Amino acid sequence: MGPIARLLAQRIALGLLLLFLVSILIFAGTQILPGDVAQSILGQSATPEALANLRAELGLNEPALSRYFDWLGGALTGDLGTALTSGQDIAGQLWTRMGNTLFLAFWAALVSVPLAIFLGLLAVRYRERWPDKLISAVTLASISVPEFLIGYVLMFFVGVQLGWAPSVSTIYDGMSLGAKLHAIALPVAVLTLVVLAHMMRMTRAAILNVMQSAYIETAELKGLSMFTIIRRHAFPNAIAPIVNVVMLNLAYLVVGVVVIEVVFTYPGMGQYLVDHVSKRDVPVVQACGLIFAAVYIGLNLVADIVSILSNPRLRHPK
Amino acid sequence: MRVPFAAAVGLFFTALYFLAAIFAPLIAPYGMAEVVGGVWEPASAEHWLGTDNIGRDLLSRMIYGGRTTIFIAAAATVLSFTTGAVLGLLAAVLGGWADQALSRFVDLIMSIPTLIFALVVLSVMPVTLPVLVLVMGLLDSTRVYRLARAVAVDINVMDFVEAARLRGEGRGWIIFREILPNALSPLVAEMGLRFIFMVLFVSTLSFLGLGIQPPAADWGGIVKENKDGIIYGIPAALVPAIAIATLAISVNLVADWVLNRTTSLKGGRGG
């Protein structure tokens, strides 16, 4: 086995271990916390009989360890249990909602990634001049505002005042792709704005870092134009850090999606999670939490794998 | 001492918001939950910002809301800093398995998105003020821990720390009298960022209905109450947006200035 393969195997094993520990943490977070789960679901005025019934239904009378392995085994085979509030099968509910969330995240990524890289290049090309300064000012502003407020500002001005896009994003099966895209135009715009700033700034930093190497100076001394240098020499070497940046921001997108779905009442997984947190529907929260964490860990894993594969220095660990 | 323009603006707005938070009952023209007019009245001489979704004075509600937001964010920042810094410095000084155990545990917590973890925990905890501060502060202390540990590991190997060890000083002395004063300036600069993050975090939780519970309100809660007006073209929900954005940008500007000043005193960057 080559050194790269070993490094990759190690990293993947680490990711799996992390996922396992996270599942313990999520389970423990909802089960072993101070306070009785049944009590907090039913509220203070619950009768002792109702509490006892719910405890039996949740399996709270069994030891925590065996409940954990039941839950984990179920999750691995695609059985996420049933929701307490509606009695419906969680996996069936999650399936369509996950599709909707991925649809939204996919289009947001498709718009924001090329745009961020292009603007990052632009900032490097016009470094310390007005396009660069404008970009960093916008970055500061967008980091200082929570996602849901960007959502409402856009909804108010673009959705209501101008009437360009619907301010509530309902999508259902049987809609044409065009109609779906029109429905999600605003949430995609908000998500793009949210990740764009980070992605742009990190792209700028990654390219500037490469631009200070000796071979770039050589290229400059050869008399190549700025854009040729960036395209031929800087960009190929900056791909690894940029892919890393993109992956980290997609992971960030996963969290942003939760809030944005609530703002635009989009039928995705984030809204499902938030709804059931306020209803104290523990099995649903556990399932959604586990999936969100798994996606987050998975994207971070991909980022690391790409940087291992593309960075020669990482291939020869000391 | 010359204060640069950007920092002066930041300082002005930060002070304004903090003063309004402290003296809220004296400044607010009406009570926080007092219904004083019609639903979503436009701005007028009696109600500078108009009224909200059930006819309360929006300006008064914003002032009280700012008080809640700033108080919770400040309390969570203090908790996050004390926990994170003490554990981080301790890990750096102790080293060995204690450092390993703490650091790997922090890695584990940070591998779950903060918001998702907070939602999971809040689904079984009662949503009260102390619980909110505790959850926010402890989750955020992981970031302070990483910074404090990284800074302290560098300082820990310096000669004056070694000298203190040879003098026979105890661990408490080494942490609080030798390392902490030298690690303070990056930590203080980080404090501004953590405070902003806390403001955004509590606003998001309240907006999702899992933070401050009505009739009390914070800025995120005010957005939630007035969001339905947006569709009818009523911009009441955008008022907290302006407040949060100006507060966050001002604190940012002040933090930048403090960082530049403290590092330039030691001959660092920005001099």
Side-chain angles (χ1 to χ4, degrees), chain A residues 15 18-19 21-22 24-26 29-31 33-37 40-41 44 140-141 143-150 152-153 155-157 159-161 167-168 251-252 254-256 258-259 262-263 273-282 284-286 288-290 292-293 295-297 300, chain B residues 104-105 107-127 131 193 196-197 199-210 219-220 223-224 226-227 229-238 240-253 256:
Chain A
L18 206 55
L19 202 55
L21 293 175
V22 161
I24 293 180
L25 206 60
I26 287 180
T30 53
Q31 302 283 318
L33 277 176
D36 183 350
V37 181
S40 58
I41 291 169
Q44 290 298 327
L140 174 67
I143 289 172
S144 310
V145 184
E147 298 95 344
F148 64 90
L149 286 175
I150 302 182
Y152 281 120
V153 169
M155 194 196 274
F156 184 71
F157 290 109
V160 178
Q161 302 270 356
S167 39
V168 173
Y252 188 77
V254 170
V255 186
V258 174
V259 182
V262 176
V263 171
L273 170 63
V274 171
D275 269 359
H276 287 81
V277 170
S278 31
K279 289 179 190 157
R280 302 196 173 281
D281 195 330
V282 176
V284 175
V285 175
Q286 282 175 339
C288 291
L290 188 63
F292 273 117
V295 172
Y296 191 76
I297 292 174
N300 277 309
Chain B
R104 294 295 82 77
F105 184 67
D107 286 350
L108 175 62
I109 302 269
M110 287 182 85
S111 71
I112 308 176
T114 318
L115 179 67
I116 304 289
F117 200 56
L119 289 181
V120 168
V121 172
L122 287 176
S123 72
V124 288
M125 298 282 270
V127 183
V131 169
L193 295 182
I196 295 169
F197 189 77
V199 169
L200 300 187
F201 197 14
V202 73
S203 304
T204 304
L205 285 178
S206 293
F207 167 70
L208 295 177
L210 302 161
W219 288 340
V223 175
K224 182 184 165 67
N226 294 299
K227 64 179 181 182
I230 294 274
I231 298 177
Y232 308 111
I234 295 154
L238 302 185
I242 300 163
I244 294 176
T246 42
L247 176 65
I249 292 175
S250 323
V251 174
N252 237 325
L253 293 174
D256 266 3

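Keep in mind the model is a prediction, meaning the values are calculated, not measured. Labels below follow one simple rule: chain letters A, B, ... track the order of the sequence lines, proteins then strands, and each chain is numbered from 1.
Here the closest non-hydrogen pair linking B/V131 and B/L122 is CG1-CD2, 4.2 Å. Closest of all the heavy-atom pairs between B/M110 and A/Y296 is O-CE2, 4.0 Å.
Interface summary for chain B: among A/I150, A/I297, A/V22, the most heavy-atom pairs under 4.5 angstrom belong to A/V22. Counting heavy-atom pairs under 4.5 Å between each of A/Y152, A/F292, A/F157 and chain B puts A/Y152 at the top.
Only the side chain of A/F148 comes within less than 4.5 Å of a heavy atom of chain B; its backbone N, CA, C and O stay farther away. If you measure heavy-atom distances from B/I244 to chain A, the contacts under 4.5 Å come from both the backbone and the side chain. Neither the backbone nor the side chain of A/L19 comes within less than 4.5 Å of any heavy atom of chain B. Both the backbone and the side chain of B/I249 come within contact range of chain A, judged by heavy atoms closer than 4.5 Å. For a residue to count as touching a neighbouring chain, one of its non-hydrogen atoms must lie under 4.5 Å from one of that chain's; by this rule B/F117 touches chain A with the side chain only. Only the side chain of B/I116 comes within contact range of chain A, with heavy atoms under 4.5 Å apart. Residue contact with chain A, scored on non-hydrogen atoms closer than 4.5 Å, involves the backbone and the side chain of B/V127 alike.
Looking at heavy atoms from C-beta onward, B/F207 lies out of side-chain contact with A/L149 at the 4.5 angstrom threshold. Between B/L205 and B/L115, the closest side-chain pair of non-hydrogen atoms falls below 4.5 Å. The shortest side-chain heavy-atom distance between A/L25 and B/I109 falls under the 4.5 Å cut-off. Contact check for B/V223 versus B/L238: no side-chain heavy atoms found under the 4.5 Å cut-off.
Counting only distance, with no hydrogens or angles, the side chain of B/S111 and the backbone of B/L108 share a donor-acceptor pair below 3.5 Å.
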